[in-house]
A.B. asks: 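This is the structure I want to talk about, given as structure tokens.
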Amino acid sequence: MKRPSPTAKRIFSGSAWGIFAKILDAGAKFVTIPLLVGFYGKGDYGLIALAFSLNAYLRLMDLGMNVGSVKFLSQWEAKGDWDSISKASRSGVIFYGLIGLVNAAVFLFMAFNGSYFFKLSPEQIPTYRTMMIILSFSTIPNWLSNVVVQLLSAKDELAHVNRSFLASSLVNFGVALAAIYFEWSLPVYFLGYTLATLLPVPLNILRLRTFPIRVSHLLLPKWDAAIFKEIIGYSAAIFLMGIFQLTANELRPILLARYASSIDVLTDYRVIQTIAMLVISFGSIFLQVLLPSASKIYGEGNQEKIERMVLEATRYISLFLCFVVFILILNSSDLLGLYMGPDYLYLAPWLNLWLLTVLLNMHNTPVASLVLSSGKTKALIYSSAISCLVSLPITVMLAPTVNVGAAVLGYLVYMAIQIGFFYAYYIPKVLNLHSWKILTTSFFPALSAGLLAFGGAYALQYWLGFGDSPWLSMTLQSAVFSLIFLFCLLLWVIRREEKLLLSSYLKRLVQRYS
């Protein structure tokens with residue numbers, strides 16, 4: 001048997017470490033958020049959420065260079081063109097250094113004008129100002145670290161990059177526990193958190209020794225206009241694609257901080273976002289797995305293969321998502337009660353709506369992977385722009401009355417327009433597939449199984465009652481849901497040949513361990 005190549009092993013290792021790091025990071029946030037909210041209070045934790053949101057939105061200043069740089073660096077690395085790599089990375093140091101300086105200036109400006117933009121109490125202003133100053137000093141090394149990560153990505157060193165990120169997540173988890181145990185002030189905790197996020201920088205720089213040229217020839221600033229122009233020309237298209245998506249996603253919490261009743265609303269947003277992100281993290285994994293296969297199939301131009309890939313991948317992904325999303329919706333009240341306490345139960349309807357929106361969005365991952373593979377993304381820019389410009393005013397108008405619900409409703413409108421555009425234009429016009437066939441054979445069967453299982457479990461709980469213990473209630477509800485869902489799958493979703501394949505696999509598994 002032919003052994004996998006070293007490159008294939010590195011790619012697999014990088015993907016595995018990436019998935020593990022994301023899951024662990026999400027789990028750490030899931031544990032620490034209620035602890036930090038309980039210690040610092042809902043209002044002050046809202047300042048942390050605001051700082052995170054501002055920092056995330058300013059990543060827009062990347063201008064798509066991250067994607068473009070990795071593309072060109074990978075090509076040059078494959079050819080052994082170390083001179084071009086050196087010129088690109090050293091020019092990148094200047095580019096990201098300038099962005100870091102601008103970013104720092106923005107944070108300093110926000111530090112002394114925050115009360116004008118956001119609804120801060122007089123007591124919160126000094127803390128907010130200190131946090132913005134901390135961010136202003138950290139932003140330059142954070143931006144410069146992009147060059148290092150791009151170089152390692154081009155060298156297939158993603159496993160190391162993800163291990164460094166994992167180490168940072170673990171240290172951040174320890175910082176949160178230490179802040180509570182030693183009763184640190186909010187600025188001291190935020191300083192510790194910020195320093196922990198910088199931990200991967202020296203670890204990644206040390207890894208640059210895998211390059212056959214000196215680190216100084218990679219990182220000492222030196223401008224090369226010709227090579228930078230080549231990269232930025234490609235990156236501009238990526239930037240135009242992402243600008244509206246990033247604005248629609250990352251500007252919503254900032255708008256809440258400006259127009260909602262108080263800064264406390266950002267804590268509500270962060271709570272339900274963390275639970276929803278447990279599902280959203282799977283979407284990036286699906287896209288990461290599907291994109292290479294989709295690119296290959298689309299490149300072959302075999303319409304039959306394209307259709308089979310979309311139908312099968314959409315069906316399996318939809319089944320998985322419907323199971324996870326509906327079981328979370330079924331237990332949302334108990335989950336919020338255990339996670340944050342009874343004072344947060346009013347968030348359950350908004351969490352449920354967000355989860356349904358995630359389902360609406362992520363079931364479309366196979367189609368999205370093929371669209372990205374096609375390179376025909378011009379219309380996607382227009383649809384993202386329309387979705388963004390329609391959804392953000394909804395968040396602004398509703399924020400004073402429904403608070404966190406305004407962000408959820410804005411996100412729903414954004415995704416509804418995007419998905420509608422995919423089914424009305426991209427699927428029939430670009431991919432030459434039948435939208436109705438994808439819905440009826442791949443998505444609706446999974447959706448109907450999820451709805452029936454949800455309805456059965458909810459009705460049985462309402463009729464019999466599963467006790468006062470939220471743990472017992474969640475366990476029994478989940479068990480009933482799982483049984484009904486499995487019955488629906490066996491009855492009409494899973495095909496006969498798939499049942500035979502599954503039966504054969506289970507028999508081999510039993511024989512192996514018996």
Side-chain angles (χ1 to χ4, degrees), residues 22 25-26 29 33 45-67 99-100 102-104 106-107 109-110 114 117-119 128 131-132 135-136 138-139 142-143 146 190 193-194 197 235 238-260 263 265-281 283-284 287 350 354 357-358 361-362 380-381 383-399 403-415 417-418:
K22 283 184 179 181
D25 184 60
K29 288 184 173 68
I33 285 177
Y45 186 82
L47 294 176
I48 299 176
L50 175 60
F52 289 161
S53 300
L54 287 169
N55 198 33
Y57 185 65
L58 286 174
R59 301 305 297 179
L60 191 66
M61 296 172 69
D62 177 76
L63 303 180
M65 277 289 291
N66 194 49
V67 176
I99 288 181
V102 174
N103 210 157
V106 171
F107 280 129
F109 173 80
M110 297 299 294
F117 293 103
F118 309 116
K119 294 182 178 179
Y128 163 83
M131 291 168 67
M132 290 296 104
L135 277 180
S136 71
S138 69
T139 188
N142 259 322
W143 276 107
N146 283 354
F190 192 74
Y193 171 87
T194 304
T197 61
S235 302
I238 304 297
F239 169 69
L240 289 173
M241 271 182 54
I243 183 173
F244 296 108
Q245 294 175 357
L246 187 65
T247 298
N249 287 326
E250 302 298 346
L251 198 58
R252 287 181 295 133
I254 298 174
L255 292 175
L256 285 180
R258 176 68 179 88
Y259 294 102
I263 201 75
V265 174
L266 286 186
T267 299
D268 294 341
Y269 180 86
R270 186 75 172 167
V271 167
I272 60 176
Q273 181 194 41
T274 302
I275 298 174
M277 283 301 294
L278 292 174
V279 184
I280 293 172
S281 62
S284 61
L287 190 60
W350 298 122
W354 196 335
T357 306
V358 170
N361 173 31
M362 287 172 47
L380 190 58
I381 296 172
S383 70
S384 298
I386 294 169
S387 305
C388 177
L389 295 175
V390 171
S391 64
L392 288 181
I394 291 174
T395 300
V396 171
M397 290 186 293
L398 296 178
N403 290 317
V404 72
V408 178
L409 290 170
Y411 181 56
L412 173 62
V413 171
Y414 176 84
M415 281 304 165
I417 296 174
Q418 285 285 80

A.B. asks: Using modelled atom types only, decide if a donor and an acceptor are shared between the side chain of Y414 and the backbone of L392 within a distance under 3.5 Å.
C.D. replies: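 Not a single qualifying donor-acceptor pair exists.
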
A.B. asks: Atom CZ of F117 and atom CG of L54: how far apart are they, to the nearest 0.5 Å?
C.D. replies: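 Those atoms lie 10.0 Å apart.
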
A.B. asks: Can you give me the closest heavy-atom contact between E250 and A56, atom names plus distance?
C.D. replies: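 Heavy atoms only, the tightest pair is OE1-CB, 3.4 Å.
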
A.B. asks: So which heavy atom on A248 is nearest to which on C388, and how close?
C.D. replies: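 Smallest interatomic distance, heavy atoms only, reads N-SG, 4.1 Å.
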
A.B. asks: Between R258 (side chain) and I254 (backbone), is there a donor-acceptor pair under 3.5 Å?
C.D. replies: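 Checking the backbone N and O of I254 against the side chain of R258, no donor-acceptor pair under 3.5 Å is found.
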
A.B. asks: Working to the nearest 0.5 angstrom, can you tell me the gap between L409 CG and T357 OG1?
C.D. replies: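 Output value for this atom pair is 8.5 Å.
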
A.B. asks: Of all the heavy-atom pairs spanning A406 and A399, show the shortest one and how long it is.
C.D. replies: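 The pair with the smallest heavy-atom distance is CB-N, 3.4 Å.
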
A.B. asks: Please answer whether the main-chain N or O of S136 pairs with a side-chain N or O of T139 as donor and acceptor at a distance below 3.5 Å.
C.D. replies: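 A pair under 3.5 Å: no.
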
A.B. asks: Rounded to the nearest 0.5 Å, what's the gap from CG on L251 to CG on L255? Could you check?
C.D. replies: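 So the gap between those two atoms works out to 4.0 Å.
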
A.B. asks: Apply side chain to side chain contact (heavy atoms under 4.5 Å, CB included) to residues I263 and L50 and explain how you reach the verdict.
C.D. replies: CA-CA 8 Å; I263 201 75; L50 175 60; 3.9 Å; yes

A.B. asks: State which residues pass ring-ring contact (aromatic ring centres under 6.0 Å, His included) with F52; sequence neighbours excluded, sorted by chain then number.
C.D. replies: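 Per chain and number, F52 pairs via ring-ring contact (aromatic ring centres under 6.0 Å, His included) with Y193.
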
A.B. asks: Working to the nearest 0.5 angstrom, can you tell me the gap between S138 OG and F107 CZ?
C.D. replies: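 It is 7.0 Å, given to the nearest 0.5 Å.
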
A.B. asks: Contact between R252 and L256 at the side-chain level, heavy atoms closer than 4.5 Å - yes or no?
C.D. replies: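 No; the side chains remain at least 4.5 Å from each other.
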
A.B. asks: CD1/I48 to OG1/T267 distance, rounded to the nearest 0.5 angstrom?
C.D. replies: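 Separation between the atoms: 8.0 Å.
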
A.B. asks: Are the side chains of Y411 and N249 in contact, using a 4.5 Å heavy-atom criterion?
C.D. replies: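 In short, these two side chains touch, coming nearer than 4.5 Å.
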
A.B. asks: For residues 269-277, tabulate all N or O donor-acceptor pairs below 3.5 Å that involve a side-chain atom, not counting sequence neighbours.
C.D. replies:
unit_1: R270; atom_1: NH1; unit_2: Q273; atom_2: OE1; d: 3.4
unit_1: T274; atom_1: OG1; unit_2: R270; atom_2: O; d: 2.7

A.B. asks: According to the salt bridge (charged side-chain N to carboxylate O under 4.0 Å, His left out) rule, which pairs have a member within residues 389-398, sequence neighbours left out?
C.D. replies: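 Applying salt bridge (charged side-chain N to carboxylate O under 4.0 Å, His left out) to every pair that reaches into residues 389-398, excluding sequence neighbours, yields nothing.
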
A.B. asks: Please list, chain by chain and in numerical order, all residues satisfying side chain to side chain donor-acceptor pair (under 3.5 Å) with N142, sequence neighbours excluded.
C.D. replies: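 Per chain and number, N142 pairs via side chain to side chain donor-acceptor pair (under 3.5 Å) with no residue.
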
A.B. asks: To the nearest 0.5 Å, tell me how far I417 CD1 sits from S384 OG.
C.D. replies: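 Going from CD1 on I417 over to OG on S384, the span is 10.5 Å.
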
A.B. asks: What pair of heavy atoms forms the shortest contact from M110 to F118, and how long is it?
C.D. replies: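 For M110 and F118, the tightest heavy-atom pair comes out as CE-CE1, 3.4 Å.
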
A.B. asks: Just jot down the side chain to side chain donor-acceptor pair (under 3.5 Å) partners of S387, sequence neighbours excluded, or say none.
C.D. replies: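 Listed in chain order: Q418.
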
A.B. asks: Can you list the residues that meet the salt bridge (charged side-chain N to carboxylate O under 4.0 Å, His left out) rule with K119, with sequence neighbours excluded?
C.D. replies: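 So K119 forms no salt bridge (charged side-chain N to carboxylate O under 4.0 Å, His left out) with any residue.
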
